[in-house]
Amino acid sequence: MELFCHRRDLRLADNVGLAAAADRGEVAGAFVFDPDVLDHASDVRVRRLLDGLAALRDDYRDRGSDLLVARGDPESILPDLADAVDADRVVWNRDYSGLARERDAGVRKALNDSGVEREAHHDAVLHEPDSIRTNAGDPYSVYTYYWKKWTDRETDSPAPTPAAGDLVDVGALTAAVGDDGAVADGGAETDRVAVGDLPSPADLGFDAPDAEVGPAGTEAARGRLDDFLDEPVFSYEAERDYPAREATSRLSAFLKYGEIGIRETYEATERALAAAQSEGDEERVESVEEFQQQLAWREFYTQVLYHNPEVVTENYKEYEEGIEWRDDPDEITAWTRGETGYPIVDAGMRQLREEAFMHNRVRMIVASFLTKDLLADWRHGYDHFREHLADHDTANDNGGWQWAASTGTDAQPYFRIFNPMTQGERYDPEAEYITEYVPELRGLDADLIHEWHELSPTQRANVAPEYPEPIVDHSERREEALAMYKRARGEDPEE
DNA sequence: TGCGACTTTTT
DNA sequence: AAAAGTCGC
């Protein structure tokens, strides 16, 4: 008997570690609520996690088994849990962030001390962080070269889904865990295990989020993938930047929680690619490749974080003199509330609060606005996204923020500053996205909305009295941002 | 080692 | 058209 520990892989299908364990004999699936991980969680992500776990548990139940739900420090609880269910090996899939690697090293040692075998698998990405390197043997810091190697490499097929007979029967799990849920033999007082019983957010010290977090679980993920690959993917390149068109995959949260496997996902895109190629339609082919590039970006940033765990808090690219952020607390608050007086920015920030999601193009716009119009440290934005995004992923969000702030690997140059009005006009010309999230502007002509910054205060008060005045002047702030970065580079801003 | 190339732009 | 700089071959 083996114990499989789910972490960011809340699925039975295409799960490399689980399949390996099932191939050897019976497996029991478990999830541990680690207090150290919960310390970094948020209302939104706890809700989303619990939804994913409920779906996973139901998938186990459909096969006559159940999910073991433990609470406590994995280092103390996993050896005891392995003992309680009589497992001789604990198996999991690798997680590549710094915190996760520290945790896993501790768990490895604890299991070793208890004489329990352990095994970690390569599952979360198609190509592991160490496996794609420059010809000189270094990790890549430029995406395009990374992509070339990533896309040329052979990929694994999806891992087989365990059959009902591979999973430990629910009756045996209940018998092993016992009535009180306390783990036997010297575990910490607070360590508890239940069979299929999930805690509520309140049990874990969290509130119900204000946002709707969206569907969870493998079935929902597969439905989403099928819908996307049925047609939208073939016009992805032309459509993806228009937030009102909802032309993106919306797979991010499913991938973050591992409710669908990357091999299964990629294989499905390969089928779409082959279909487009056989039609000989270049635009459709390029669109599928464009989407595959997004999967490669996910792995690019995974390997950036793996090789540079300090980027979570530090600039990847340090400026000689350091950046002196303006960090005005009132301006940052206006940004988080979606009250900047820049319609596309406010729409994005409000979508985030309402849906725990933001369209990718708009993420770039609000990130550029925070760093280069408000001159606020990207860490403020990263922290806010981490609290409110259901799909928050350390590697991707950190990579995105450092890209926007011109401090990252392959970041945009510091002088590349988005114009929030131009962006709104170009990517939401009819202001459909804007008015969906900014009710104060409903009923106005799109032209008027895109000219908001140019109207006089009197005009603004007349047409939309409830909507804020622009809190900054973009042209002025653009010059200030250029000067800020030049000083950080040790240059004279006057030149 | 010289050089082509570099996610998402702006004025 | 120009705003830099440097990565990777």
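Order of the sequence lines fixes the chain letters, A, B, ..., with proteins taken first and strands second; residue numbering starts at 1 for each chain. The structure displayed is predicted, hence computed values, not measured ones.
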- [ ] Using the ring of A/Tyr306 (Phe, Tyr or Trp, six-membered ring only), decide whether A/Arg101 places NZ or CZ under 6.0 Å from its centre and within 45 degrees of its axis.
- [x] yes
- [ ] Please tell me which of the listed nucleotides, C/dA3, B/dT9, B/dC6, lies nearest to the side chain of A/Arg361?
- [x] B/dT9
Task: Pairing of A/Asp14 and A/Arg222 as salt bridge, 4.0 angstrom limit - done: no
- [ ] Could you tell me whether the phosphate oxygens of B/dT8, OP1 or OP2, come under 4.0 Å of any side-chain nitrogen or oxygen in A/Asn360?
- [x] no
- [ ] Answer yes or no: side-chain N or O of A/Tyr145 and base N or O of B/dG4 forming a donor-acceptor pair under 3.5 Å.
- [x] yes
Open item on the list: Rounded to whole Å, please give me the gap between CZ in A/Phe415 and P in C/dA2.
Closed with: 12 Å
TODO: Kindly say if A/Ser368 contacts the phosphate of B/dT9, meaning a side-chain N or O under 4.0 Å from OP1 or OP2.
DONE: no
TODO: For B/dT8, take OP1 and OP2 only and decide whether either is under 4.0 Å from a side-chain N or O of A/Gln293.
DONE: no
- [ ] Start with the C-alpha distance between A/Tyr319 and A/Tyr485, add both sets of side-chain angles, then the distance that settles ring-ring contact (aromatic ring centres under 6.0 Å, His included), and finish with yes or no.
- [x] CA-CA 8 Å; A/Tyr319 285 76; A/Tyr485 280 96; 5.8 Å; yes
- [ ] Give one of base, sugar-phosphate or nothing for A/Arg489, where a contact means two heavy atoms less than 4.0 Å apart.
- [x] sugar-phosphate
Task: All stems with DNA chain B, defined as three or more consecutive Watson-Crick or G-U pairs under 3.5 Å - done: B:2-6 with C:5-9
Open item on the list: With rounding to the closest Å, how many angstrom separate the P atoms on C/dA4 and B/dC3?
Closed with: 22 Å
Open item on the list: Between A/Arg153 and A/Glu299, does any NZ, NE, NH1 or NH2 come within less than 4.0 Å of an OD or OE carboxylate oxygen?
Closed with: no
TODO: Return no unless some side-chain N or O of A/Tyr146 is found under 4.0 Å from OP1 or OP2 of C/dC9.
DONE: no
TODO: Using a 4.0 Å heavy-atom cut-off across all strands, classify A/Lys149 as base, sugar-phosphate, or nothing.
DONE: sugar-phosphate
Task: Side-chain N or O of A/Arg416 closer than 4.0 Å to phosphate OP1/OP2 of C/dA3 - done: no
TODO: Would you mind telling me which of C/dA4, C/dG8, B/dT8 lies closest to the side-chain atoms of A/Thr134?
DONE: C/dG8
